[in-house]
Amino acid sequence: MNGMAGNKKILIVDDQEINRIILKNILVRESFEILEAGDGADALEQLAVHGEAIAVLLLDIVMSPVDGYEVMKKMASEGLIGKIPVVVITADETQECQNRVCVMGAAKFIHKPFSPAEVRAIVDGILRDGADDGL
């Protein structure tokens, strides 16, 4: 599992509280501690505190003032992209967005509105495999 077995935290980053609540409810049965951030700045603070103890990061892209791209850029500069799998969950359905986050190192890309089964399957796969297998 590449060291993933000891990681017990899932970080959900979305500026819409309802999305965080839904995602938390989908993942609560995973027996991981769920952390939440309402924007990119809060996400960066959570990453600074918890670092590699975060097993997977669910990240919205369109947020203000710090968006998901900035979070991923900061993670890359700190060497965290390869260590913490990033699942991008966004309403931006453009191919440009998907290509950009892929190049930046996202493990998976999910469009909003998302299905609970899809989110659970992707997160379970990442936690089980301990590595991303591409978008």
Side-chain angles (χ1 to χ4, degrees):
M1 269 201 173
N2 295 339
M4 297 285 282
N7 295 346
K8 295 290 185 194
K9 301 176 192 314
I10 296 173
L11 176 56
I12 299 169
V13 185
D14 198 301
D15 58 345
Q16 298 294 314
E17 184 179 17
I18 188 67
N19 289 332
R20 294 193 312 271
I21 291 168
I22 292 168
L23 288 166
K24 186 174 183 176
N25 288 336
I26 291 169
L27 299 171
V28 73
R29 67 187 96 187
E30 301 299 330
S31 69
F32 280 74
E33 179 182 351
I34 306 292
L35 305 172
E36 296 180 51
D39 61 39
D42 191 16
L44 293 173
E45 288 177 21
Q46 295 277 2
L47 285 162
V49 170
H50 301 285
E52 292 179 50
I54 297 170
V56 63
L57 169 64
L58 284 79
L59 181 65
D60 186 18
I61 291 295
V62 183
M63 297 180 291
S64 178
V66 179
D67 65 17
Y69 296 123
E70 286 299 314
V71 171
M72 291 184 71
K73 187 190 301 185
K74 180 72 170 170
M75 288 179 70
S77 74
E78 295 180 3
L80 293 176
I81 285 287
K83 297 175 182 172
I84 302 172
V86 177
V87 177
V88 170
I89 301 181
T90 185
D92 186 341
E93 296 185 13
T94 65
Q95 190 63 45
E96 178 185 345
C97 176
Q98 188 167 344
N99 291 345
R100 186 172 175 189
V101 298
C102 177
V103 168
M104 294 179 82
K108 294 287 181 180
F109 186 93
I110 300 173
H111 294 289
K112 291 180 185 174
F114 48 81
S115 81
E118 179 184 22
V119 172
R120 198 174 300 115
I122 287 173
V123 171
D124 285 350
I126 288 171
L127 296 174
R128 182 181 57 250
D129 298 340
D132 74 71
D133 54 357
L135 295 175

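All figures in this text were calculated on a predicted structure; none of them were measured in a lab.
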> Who are the side-chain hydrogen bond (donor to acceptor under 3.5 Å, both in side chains) partners of Q95, not counting sequence neighbours?
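side-chain hydrogen bond (donor to acceptor under 3.5 Å, both in side chains) check on Q95 returns N99.
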> Only counting residues at least two apart or in another chain, list the ones meeting side chain to side chain contact (heavy atoms under 4.5 Å, CB included) with I22.
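With neighbours one apart ignored, the set is I18, I26, F114.
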> If you define the side chain from C-beta out and look only at heavy atoms, does anything of L11 sit under 4.5 Å from L57?
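Yes, their side chains come closer than 4.5 Å.
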> Show the numbers, then the answer: is there a side-chain contact (heavy atoms from CB on, under 4.5 Å) between D42 and Q46?
CA-CA 6 Å; D42 191 16; Q46 295 277 2; 4.1 Å; yes
> Got I81 and M72 here, is their nearest side-chain heavy-atom distance under 4.5 Å?
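Heavy-atom side-chain distance check passes, below 4.5 Å.
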> Ignoring hydrogens and angles, state whether a donor on the side chain of D92 or T94 is under 3.5 Å from an acceptor on the partner side chain.
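The answer is yes; a qualifying pair exists.
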> Compare every heavy atom of A55 with every heavy atom of L127, then report the nearest pair and how far apart it is.
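Result for this residue pair: CD2-CB, 3.5 Å.
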> For H111, check side-chain hydrogen bond (donor to acceptor under 3.5 Å, both in side chains) against everything at least two apart and list the hits.
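H111 satisfies side-chain hydrogen bond (donor to acceptor under 3.5 Å, both in side chains) with no other residue.
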> Does S64 have any side-chain hydrogen bond (donor to acceptor under 3.5 Å, both in side chains) partners at least two apart in sequence or in another chain, and if so, which?
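For S64 there are no side-chain hydrogen bond (donor to acceptor under 3.5 Å, both in side chains) partners, ignoring immediate neighbours.
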> Between atom CD1 of I122 and atom CG of L58, what is the distance when rounded to the nearest 0.5 Å?
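Taking CD1 in I122 and CG in L58, the distance rounds to 9.0 Å.
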> Roughly how far, to the nearest 0.5 Å, is CD1 of I10 from CD1 of I34?
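So the CD1 of I34 and the CD1 of I10 are separated by 4.0 Å.
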> Taking atom OH of Y69 and atom CZ of R100, what is their separation to the nearest 0.5 Å?
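Interatomic distance, Y69 OH to R100 CZ, rounded to 0.5 Å: 5.0 Å.
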> Are I126 and V87 packed together at the side-chain level, in the sense that at least one heavy-atom pair is separated by less than 4.5 angstrom?
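Yes, side chains in contact.
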> Start with the C-alpha gap between D60 and M63, add the side-chain angles, then the distance that decides, and say whether side-chain contact (heavy atoms from CB on, under 4.5 Å) holds.
CA-CA 7 Å; D60 186 18; M63 297 180 291; 3.7 Å; yes
> I84 vs V56, test: side-chain contact (heavy atoms from CB on, under 4.5 Å). Steps then yes/no.
CA-CA 6 Å; I84 302 172; V56 63; 5.9 Å; no
> For the pair R20 (side chain) and E36 (backbone), establish whether a donor and an acceptor sit closer than 3.5 Å, ignoring hydrogens and angles.
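Not at all, since once roles are kept as given, no pair shorter than 3.5 Å links the two residues.
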> For residues 62-75, which residue pairs qualify under salt bridge (charged side-chain N to carboxylate O under 4.0 Å, His left out), counting only residues two or more places apart or in two chains?
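Every salt bridge (charged side-chain N to carboxylate O under 4.0 Å, His left out) pair that includes a residue of residues 62-75, provided the two are not neighbours, is E70-K73, K74-E78.
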> Could you list the residues that satisfy salt bridge (charged side-chain N to carboxylate O under 4.0 Å, His left out) with E33, not counting sequence neighbours?
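In terms of salt bridge (charged side-chain N to carboxylate O under 4.0 Å, His left out), with neighbours along the sequence ignored, E33 is linked to K9.
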> In Å, rounded to the nearest 0.5 Å, how long is the span from CD1 of I89 to CD1 of I12?
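Interatomic distance, I89 CD1 to I12 CD1, rounded to 0.5 Å: 8.0 Å.
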> Test side-chain contact (heavy atoms from CB on, under 4.5 Å) on L47 and V71; report intermediate values, then the result.
CA-CA 10 Å; L47 285 162; V71 171; 4.2 Å; yes
> Less than 4.5 Å apart, side chain to side chain, heavy atoms only: is that true for V88 and I110?
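SC-SC contact between V88 and I110 ruled out.
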> Do the side chains of V101 and I61 get nearer than 4.5 Å, heavy atoms only?
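They are in contact (side-chain heavy atoms under 4.5 Å apart), so the answer is yes.
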